[in-house]
2 protein chains.
Amino acid sequence: MTASDSGELDFWSFVELANRRLSREYGFRHQLATELLLTLNRASNIVTYDLEASVHRPRGLSWSGFRLLFVTWLAGPLEAKKAAELTGMSRAAVSNLAKTLVSDGLLSREPGARDGRSVLLSLTDTGHQEMVEVFRAHNEREDEWAGVLSPEEQRILIMLLDKLVTNRDQFDVRGRN
Amino acid sequence: MTASDSGELDFWSFVELANRRLSREYGFRHQLATELLLTLNRASNIVTYDLEASVHRPRGLSWSGFRLLFVTWLAGPLEAKKAAELTGMSRAAVSNLAKTLVSDGLLSREPGARDGRSVLLSLTDTGHQEMVEVFRAHNEREDEWAGVLSPEEQRILIMLLDKLVTNRDQFDVRGRN
DNA sequence: CCACGCTAGTTAACGCATGTACTAGTTTCA
DNA sequence: TGAAACTAGTACATGCGTTAACTAGCGTGG
C-alpha cells in the first residue's frame with residue numbers, strides 16, 4: 001500500500017500515482033520524462049523560494065533584482081541586452097527592473113559609447129557594497145542546500161543539468177524574444 | 001583564452017568568470033554550490049518556458065493553469081489546500097486560478113462534504129478531454145527534452161534532484177505559507 | 001547617400017502570484 | 001458546552017513579468 005492509496009498524498013506519491021494512471025489508463029509512454037521535468041521544476045522552485053524568502057526579501061531585494069545585480073556585479077558594466085541573456089529575463093523585464101534599482105541607488109545606467117541605442121548597466125558604490133554583503137548570506141545558504149550532496153554528486157548534477165539544456169539544438173526550443 | 005576574456009559572454013563563460021572573481025577577488029568559498037544552483041535555476045526556467053510557449057500558451061493555458069489541471073486530473077477531486085501543496089503554489093494562487101479555470105469551463109468547484117470550509121476541485125468533462133489532449137503534446141515535448149539524456153542519466157538526475165530537496169529538514173527551509 | 005530593414009531599449013496593458021487581512025467552519029479542552 | 005485557537009478559502013492591494021507596439025539609432029545595398 002502506497003501513500004497515494006491511503007489518502008496521504010505528498011509530492012512523491014503523487015508522481016507515482018500519476019505515472020500509474022498515465023500509463024495504465026491513458027497509455028502515455030514517456031513516464032520517465034514527466035517524472036524528470038516535474039522533479040526539476042519542483043526542486044528549482046523550492047530552492048529559489050527559500051533563497052528569496054530567507055536572504056533577499058528581508059533585505060528588500062526581489063529574486064530577479066538580485067540576479068540582475070549579480071551579473072552586473074561580476075560581469076562588469078553590461079549592456080541591458082547582455083544582462084537579459086545572462087539572467088534569462090526578457091529585455092523589457094531588465095528595463096523595468098533597472099528603473100527601480102536605479103531609483104534605489106544600487107544601479108547606474110549610462111548611454112553606451114559605441115552604440116547610441118544601448119545602455120550600460122553598472123553598480124553604484126552602494127550597490128557594490130550591498131552585493132558583497134548580500135552575497136555573503138546568499139552563498140552560505142547555497143552551501144547549506146548543496147551540502148546535502150557530496151562534491152562528486154554536485155558535479156554530476158551540474159553536468160547532467162548542463163547536458164539537458166545544451167543539447168537542445170536538436171529541436172527548436174522556444175526561448176524568450 | 002576563454003570566451004569571457006574575449007568579450008563573447010554566454011552563460012557558461014559567465015559562470016566561469018563569476019567563480020574566478022568570487023574566489024580570487026572576494027574570497028567566497030562555496031563556488032560549487034553557486035554553480036549548482038545557478039545551473040539548476042537556469043535549466044528549470046529554460047525547459048518550463050519552452051513547454052509553456054510551445055504547448056500551453058497556444059492552447060490558452062498558462063503554465064500554472066496546466067499544473068493545477070494536471071494534479072486535479074490525476075489525483076482526482078482534490079481539496080484546494082492539497083492542490084496548492086502538490087503544485088507548489090500558495091493557497092491564494094490556487095483560489096485565483098480556480099476562479100478563471102471555472103469560468104473557462106474546465107474546472108468545477110463544489111463544497112467539501114466532510115469539512116464545510118473546504119472546496120473540492122475536479123475537472124469538468126470538457127476539462128478532462130482538454131487535459132488528455134493537451135498532455136499528449138506536453139508529453140511528446142517532455143520526451144524531446146529528456147531524450148538527450150539516457151534513461152540511466154535521467155534516473156540519476158531525478159535521484160540527485162530528489163536528494164537535494166528531501167534532505168532539507170537538516171536546516172529550516174522557507175516554504176510557502 | 002539615403003531608404004529600408006534590423007536592433008536596443010522603453011512603455012503600456014494585461015495576467016498572474018504574492019502577502020495580508022478577513023470570514024467562516026472546525027477542533028480542543030477546561 | 002462554549003470560548004479560544006486553529007484552519008480553509010477568498011478578496012484586495014501590490015509587485016513583477018510578459019507580449020506588443022513604439023522610438024530611435026545603426027548599417028547595408030541599391
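Below, chain A is the first sequence line, B the second, and so on; all start at residue 1.
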Is a salt bridge present between B:Arg141 and B:Glu144, judged by a nitrogen-to-oxygen distance below 4.0 Å? yes
After noting the C-alpha distance and the side-chain angles of B:Val119 and B:Glu79, does the key distance pass the side chain to side chain contact (heavy atoms under 4.5 Å, CB included) rule? CA-CA 6 Å; B:Val119 164; B:Glu79 294 186 358; over 6 Å; no
Kindly give the atom pairs (protein nitrogen or oxygen, nucleotide nitrogen or oxygen) under 3.5 Å for nucleotides 2-4 of chain C.
none

Do the charged groups of A:Glu85 and A:Lys82 touch, with an N to O distance under 4.0 Å? yes
Earlier contact from the 5' end, DNA chain D, for A:Gly116 and A:Trp63: A:Trp63
Give a yes/no verdict on a cation-pi contact between A:Arg42 and A:Phe11, requiring under 6.0 Å between NZ or CZ and the six-membered ring centre and an angle within 45° of the axis. yes
Between B:Thr34 and B:Asn19, a side-chain donor and acceptor under 3.5 Å: no
Integer-rounded Å distance: C:dG9 C1' and A:Glu85 CD: 14 Å
Separation of C:dG9 atom C1' from A:Asn96 atom CG, nearest Å, is 11 Å
Determine whether B:Ser118 and B:Lys81 satisfy the following criterion, side chain to side chain contact (heavy atoms under 4.5 Å, CB included), listing intermediate values before the conclusion. CA-CA 8 Å; B:Ser118 74; B:Lys81 171 81 185 305; over 6 Å; no
A:Arg114 CZ to C:dT7 C1', straight-line distance once rounded to whole Å: 14 Å
Side-chain donor-acceptor pairs under 3.5 Å in residues 146-159 of chain A, sequence neighbours left out?
residue	atom	partner	partner atom	Å
A:Ser150	OG	A:Glu152	N	3.4
A:Ser150	OG	A:Glu153	N	3.0
A:Glu153	OE1	A:Ser150	N	2.8
A:Glu153	OE1	B:Lys163	NZ	3.1
A:Glu153	OE2	B:Lys163	NZ	2.9
A:Gln154	NE2	A:Ala146	O	3.1
A:Gln154	NE2	A:Leu149	O	3.1

Contact list (N/O, under 3.5 angstrom) for nucleotides 5-9 of chain D vs protein:
residue	atom	partner	partner atom	Å
D:dT7	O2	B:Arg117	NH1	2.6
D:dA8	OP1	B:Lys81	NZ	3.3
D:dA8	OP2	B:Lys81	NZ	3.3
D:dG9	OP1	B:Ala80	N	3.1
D:dG9	OP1	B:Val119	N	3.0
D:dG9	OP1	B:Val119	O	3.3
D:dG9	OP2	B:Lys81	N	2.6
D:dG9	N7	B:Arg91	NH1	2.5

Please give, in whole Å, the distance from D:dT14 P to A:Arg57 CZ? 15 Å
Common cluster, B:Leu123/B:Leu120, ILVMFWY with side-chain heavy-atom separation under 4.5 Å: no
It should be established whether A:Ser64 places a side-chain nitrogen or oxygen under 4.0 Å from OP1 or OP2 of nucleotide D:dC16. no
Rounded distance in Å - NZ (A:Lys99) to C1' (C:dT11): 7 Å
Measure CD/B:Glu52 against C1'/C:dC16 and give the value in whole Å, please. 10 Å
Can you tell which of D:dC12, D:dA20, C:dC16 lies closest to the side chain of A:Ala92? D:dA20
Rounded to whole Å, how long is the line connecting atom CG of B:Leu61 with atom P of C:dG15? 15 Å
Go through it in stages, so that I can follow the logic: the residues are B:Thr124 and B:His128, the test is side chain to side chain contact (heavy atoms under 4.5 Å, CB included), and I'd like the CA-CA distance, side-chain angles, deciding distance and then a yes or no. CA-CA 6 Å; B:Thr124 61; B:His128 185 264; over 6 Å; no
To the nearest angstrom, how far is A:Met89 atom CE from C:dG9 atom C1'? 15 Å
